[in-house]
Amino acid sequence: MTTTHGGQDETVPVALRTEALEQLLTERGLIDPKVMNGIITEYETNVGPLNGAKVVAKAWTDPDYRQRLLQDGTAAIKELGFSGPQGEHIVVVENTPTTHNLVVCTLCSCYPWPVLGLPPSWYKDPAYRARVVREPRTVLSEMGLELDDDVQITVRDSTSEVRWLVLPERPAGTEHLAEEELVPLVTRDAMVGVAKVEAP
Amino acid sequence: MDGIADMGGTQGWGPVHPPRPDEPVFAEDWQRKAFALAILSSRLACGGVNTDAFRHALERLDRAAYFDDGYFGRWFNGGELMLTERSILAPGAIEARARSLRGEHVEEPPIPEPARPHYAPTAEGSLRSVDTAPAFAVGERVRAKNVSVPGHTRLPGYVRGHIGVVDVIQPAHVLPDTNAHFLGENPQYVYTVRFDSREVWGADAERFALTVEMYESYLETTA
């Protein structure tokens, strides 16, 4: 935030303001730095798109799991140990050669944290939030994904606590790969629906 | 509210930024603490977890506070707004301490008397059970109400007044419109409503479908 002193704008950088708030709350015993650091570690290290990649690879190789995942995403994801804030009710939708789902939150940046971690910068960018519900084909093209004209696009605006996860298409040429070998191929962007998974 | 955060369909933002596969979770050091402090500040101000109140704080930030320091800066500023509104911090307290930290002689404002809301969630999270039947059926045509809500809402401006079809009936959730203001949970069914792009954006729009989650009270019948 900016304040004016003697007609001159002096900005206190947000980094310094962050240190200031930490001090103010810690010295009054209102927060515990250990709890603060625990939150940081959780989302910087423990939770991320590798979780979602494990879900996708299992769905690609285990037809029963795939069915459970599409029927009750939250429960099937929890089978692999993934749950928590921003993942109370996860719905999984499947991309196919003819249907393509992609996810946005126009109102803030809601995102399925337990399977994908915190959202990447492009997802939080006003240009993506504003435009993808109006011209998704153009936006996808700018992001490097060209879809054929006959592919039906469904944009999912995450306006409630329902969270969406895209089950991408398994790429051709990966039939011989085992579940563990498929995991590293699955990208965050494919699970949001702005990219496809590529064969190695 | 029809505020800065409700940007679906607005124009003039320029091109999107293509994904970077190697992007770190936190690009700058301060973002780590800004993220965690925002979560903790919101909990302190609400006396519990109230994501709706936090989102309402974000959407009430001014242009600079919302945009200039990006997503984590916005979170941090939302946390500060909540702390000052609930008198846990005096206005200007963070700035005064920050200036002290960089060696300026600044008098800090006195610590105020906190005024926390009465907040007693009936359960964790936002999923609830209700004993009524859903008001709308799968396949039914519904209209998003054309209303202007002064407080918090999750009904985006761009679908108001438009007709869609109920795709999925989701479980009942706490209603953000009241919960954000500590006026009760009012749980309702949530409907995934499918809109045709031409219904929302006109005949010349790109052809696609759009789904939006609608709390029951956001919808009306089309008959």
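Numbered from 1 within each chain, the chains take letters A, B, ... in sequence-line order. Heavy atoms only: backbone and side chains are in, while hydrogens, waters and symmetry mates are out. Note that the coordinates shown come from a computational prediction; the quantities given were computed from them, not determined experimentally.
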> Considering only heavy atoms, which portion of B:Leu40 lies under 4.5 Å from any heavy atom of chain A: side chain, backbone, both, or neither?
Replying inline: side chain
>> Let's go through B:Trp30 and A:Leu16 carefully: what are the C-alpha distance in whole Å and the side-chain angles of both, what is the deciding distance for side-chain contact (heavy atoms from CB on, under 4.5 Å) to 0.1 Å, and is it a yes or a no?
In response: CA-CA 8 Å; B:Trp30 64 268; A:Leu16 198 56; over 6 Å; no
>> Tell me whether the count of non-hydrogen atoms from other residues, nucleotides or ligands lying under 6.0 Å of CG in B:Asp22 goes above 12.
In response: yes
> Any sub-3.5 Å donor-acceptor pair from A:Glu161's side-chain atoms to B:Ser126's backbone N or O?
Replying inline: no
> Taking A:Val133, A:Thr154, A:Ile39, A:Ile153 one by one, which has the highest count of heavy-atom pairs under 4.5 Å against chain B?
Replying inline: A:Val133
> Per the salt bridge (Lys or Arg N to Asp or Glu O under 4.0 Å) rule, which among A:Glu44, A:Glu22, A:Glu42 passes with B:Arg32?
Replying inline: A:Glu44
> Using a cut-off of under 4.5 Å for heavy-atom pairs, which of A:Ala127, A:Gly48, A:Pro126, A:Cys105 has the most such pairs with chain B?
Replying inline: A:Pro126
> Which of the residues A:Glu88, A:Gln23, A:Glu135 is involved in the greatest number of heavy-atom pairs with chain B at under 4.5 angstrom?
Replying inline: A:Glu88
> Side chains of B:Thr51 and A:Gln86: does their closest heavy-atom pair fall under 4.5 Å?
Replying inline: yes
>> Counting only non-hydrogen atoms closer than 4.5 Å, does A:Leu30 touch chain B with its backbone (N, CA, C, O), its side chain (CB onward), both, or neither?
In response: both
> Of the backbone (N, CA, C, O) and the side chain (C-beta and beyond), which part of A:Tyr123 lies under 4.5 Å from a heavy atom of chain B, both, or neither?
Replying inline: neither
> When A:Leu24 is tested against each of B:Leu89, B:Ile111, B:Leu83 for side-chain contact (heavy atoms from CB on, under 4.5 Å), which residue passes?
Replying inline: B:Leu89
> Hey, which of A:Thr138, A:Ile40, A:Val35, A:Asn37 has the most heavy atom pairs under 4.5 Å with chain B?
Replying inline: A:Ile40
> Between B:Phe208 and A:Pro136, which heavy-atom pair has the shortest distance, and what is it?
Replying inline: CE2-CD, 3.3 Å
>> Tell me which of these, B:Glu213, B:Arg207, B:Glu124, B:Glu28, has more heavy-atom pairs under 4.5 Å with chain A than the rest.
In response: B:Glu213
>> Please output the residues of residues 1-8 of chain B in contact with chain A, using a heavy-atom cutoff of under 4.5 Å, in numerical order.
In response: B:Ala5, B:Asp6, B:Met7, B:Gly8
> Is there a side-chain contact between B:Gln170 and A:Ser160, using heavy atoms and a 4.5 Å cut-off?
Replying inline: no
> What part of A:Ile31 gets closer than 4.5 Å to chain B, counting heavy atoms only: side chain, backbone, both or neither?
Replying inline: side chain
> Given side chains that start at C-beta, do those of A:Ser158 and B:Arg154 come closer than 4.5 Å, heavy atoms only?
Replying inline: no
> Given side chains that start at C-beta, do those of B:Phe195 and A:Val155 come closer than 4.5 Å, heavy atoms only?
Replying inline: no
>> Between B:Ser197 and chain A, with a heavy-atom cut-off of 4.5 Å, which part of the residue counts as in contact: side chain, backbone, both or neither?
In response: neither
> Taking B:Ile94, B:Val174, B:Leu58, B:Asp29 one by one, which has the highest count of heavy-atom pairs under 4.5 Å against chain A?
Replying inline: B:Ile94
>> Using heavy-atom distances under 4.5 Å, tell me whether B:Ser100 contacts chain A through its side chain, its backbone, both, or neither.
In response: neither
> With a cut-off of 6.0 Å (strictly less than), are more than 12 heavy atoms of other residues, nucleotides or ligands near NZ of A:Lys78?
Replying inline: no
> If you count heavy-atom pairs under 4.5 Å with chain A, which of B:Asp62, B:Leu37, B:Val212 comes out on top?
Replying inline: B:Leu37
>> Listing request: all side-chain hydrogen bond (donor to acceptor under 3.5 Å, both in side chains) pairs with a residue in residues 171-180 of chain B, at least two apart in sequence or in separate chains.
In response: B:Asn50-B:Asn179, B:Asp52-B:Asn179, B:Thr153-B:Asp177, B:Asp177-B:Tyr218, B:Thr178-B:Asn186
>> Nearest 0.5 Å, please: how far is OG1 in A:Thr159 from OH in B:Tyr215?
In response: 7.0 Å
>> For B:Glu107, is the CD atom crowded, meaning more than 12 foreign heavy atoms sit under 6.0 Å from it?
In response: no
> Can you find a heavy atom in the side chain of A:Ser121 that is under 4.5 Å from one in the side chain of B:His17?
Replying inline: no
>> Under the salt bridge (Lys or Arg N to Asp or Glu O under 4.0 Å) test against A:Glu19, which residue among B:Arg97, B:Lys33, B:Arg99 passes?
In response: B:Lys33
> Is it the backbone or the side chain of A:Val91 that comes under 4.5 Å from a heavy atom of chain B, or both, or neither?
Replying inline: side chain
Identify each donor-acceptor pair in which a side-chain atom of residues 181-190 of chain A lies under 3.5 Å from a protein atom, sequence neighbours left out, and give them as a table.
{"residue": "A:Glu181", "atom": "OE1", "partner": "A:Ala178", "partner atom": "N", "Å": "2.7"}
{"residue": "A:Thr187", "atom": "OG1", "partner": "A:Ala190", "partner atom": "N", "Å": "3.1"}
{"residue": "A:Arg188", "atom": "NH2", "partner": "B:Arg20", "partner atom": "O", "Å": "3.4"}
{"residue": "A:Asp189", "atom": "OD1", "partner": "A:Trp122", "partner atom": "NE1", "Å": "3.3"}

> Above 12 or not: heavy atoms from other molecules or residues under 6.0 Å from CD of A:Glu79?
Replying inline: yes
> Taking C-beta and beyond as the side chain, do B:Phe72 and A:Lys124 meet within less than 4.5 Å on heavy atoms?
Replying inline: yes
> Highest number of heavy-atom pairs under 4.5 Å with chain B: which of A:Arg131, A:Arg129, A:Met143?
Replying inline: A:Arg129
>> Which one wins on heavy-atom pair count under 4.5 Å against chain A: B:Val168, B:Val159, B:Ile88?
In response: B:Ile88
> Could you go step by step and tell me if A:Leu118 and B:Phe26 meet the side-chain contact (heavy atoms from CB on, under 4.5 Å) rule?
Replying inline: CA-CA 9 Å; A:Leu118 299 185; B:Phe26 300 107; 3.8 Å; yes
>> Can you list everything that forms a side chain to side chain donor-acceptor pair (under 3.5 Å) with A:Gln152? Sequence neighbours excluded, please.
In response: none
>> Heavy-atom cut-off 4.5 Å, strictly under: side chain, backbone, both or neither for B:Tyr66 against chain A?
In response: side chain
>> Using side-chain contact (heavy atoms from CB on, under 4.5 Å), reason through B:Gln11 and A:Arg134 one step at a time and then give a plain yes or no.
In response: CA-CA 9 Å; B:Gln11 295 176 297; A:Arg134 189 177 182 123; 3.5 Å; yes
>> Under the criterion side-chain contact (heavy atoms from CB on, under 4.5 Å), I'd like the reasoning laid out for A:Cys108 against B:Arg74: C-alpha separation, chi angles, the key distance, then a yes or no.
In response: CA-CA 11 Å; A:Cys108 39; B:Arg74 176 184 314 154; over 6 Å; no
>> Could you report the tightest heavy-atom contact between A:Val194 and B:Pro19, atom names first, then the distance?
In response: CG2-CG, 4.4 Å
> Does the side chain of A:Pro120 reach to within under 4.5 Å of the side chain of B:Val25, using non-hydrogen atoms?
Replying inline: no
> If you round to the nearest 0.5 Å, how far is CD1 of B:Ile39 from OH of A:Tyr43?
Replying inline: 6.5 Å
>> Quick check for you: among B:Ala34, B:Pro18, B:Gly73, B:Pro15, which has the greatest number of heavy-atom pairs under 4.5 Å with chain A?
In response: B:Pro15
> Tell me, side chain or backbone of B:Glu108 under 4.5 Å from chain A's heavy atoms, or both, or neither?
Replying inline: side chain
> Taking C-beta and beyond as the side chain, do A:Thr106 and B:Tyr158 meet within less than 4.5 Å on heavy atoms?
Replying inline: yes
>> Can you tell me which portion of B:Asp196 sits under 4.5 Å from chain A's heavy atoms? Options are side chain, backbone, both or neither.
In response: neither
>> Quick check on A:Thr45 against chain B: is it the side chain, the backbone, both or neither that has a heavy atom closer than 4.5 Å?
In response: neither
>> I need the minimum non-hydrogen distance between B:Arg102 and A:Thr11, along with the two atoms involved.
In response: NH1-O, 3.6 Å
